[in-house]
Amino acid sequence: MLFGVVLGGGIALGREKLSGKIYSEREIKKLVPFEVIAEIPPIESLRSRRPAGAARGSQASWPR
């Protein structure tokens with residue numbers, strides 16, 4: 001079982017490194033000799049925003 005966990009973790013890390021996606025300003029600076037002038041912030045999904053006091057799974061009256 002431990003072998004499966006280690007193997008799965010290794011495969012996941014390998015896929016992440018080989019994906020070619022850029023996640024941070026630091027990674028961009030490694031790739032290009034230009035100055036970074038802007039960065040797009042992460043977009044918060046509507047599902048992750050809940051009105052104050054609304055419990056998870058409750059039927060609060062807010063737009064979907």
Side-chain angles (χ1 to χ4, degrees):
M1 181 157 163
L2 181 62
F3 176 73
V5 170
V6 171
L7 181 64
I11 290 172
L13 287 173
R15 289 188 64 173
E16 181 71 25
K17 289 295 182 183
L18 296 174
S19 71
K21 293 181 182 179
I22 299 173
Y23 293 101
S24 69
E25 182 180 343
R26 184 181 313 144
E27 292 178 22
I28 293 172
K29 286 182 177 180
K30 287 180 186 178
L31 295 173
V32 296
F34 309 112
E35 185 69 29
V36 176
I37 59 171
E39 187 175 347
I40 299 172
I43 298 172
E44 183 179 336
S45 71
L46 289 175
R47 292 178 188 254
S48 65
R49 286 192 286 167
R50 286 190 293 270
R56 176 173 243 156
S58 69
Q59 297 296 326
S61 59
W62 55 290
R64 294 179 185 223

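Numbers here simply count residues along the sequence, with the first being 1.
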Test F34 against every option in I37, V32, L31 by the side-chain contact (heavy atoms from CB on, under 4.5 Å) rule and name the one that passes. V32

Gap separating the CG atom of L7 from the CG atom of L2, nearest 0.5 angstrom: 11.0 Å

Please name the pair of heavy atoms, one in K21 and one in E27, separated by the smallest distance, quoted to 0.1 Å. O-OE1, 3.6 Å

Is there a continuous path of hydrophobic side-chain contacts, each under 4.5 Å between heavy atoms, that joins F3 to I11? yes

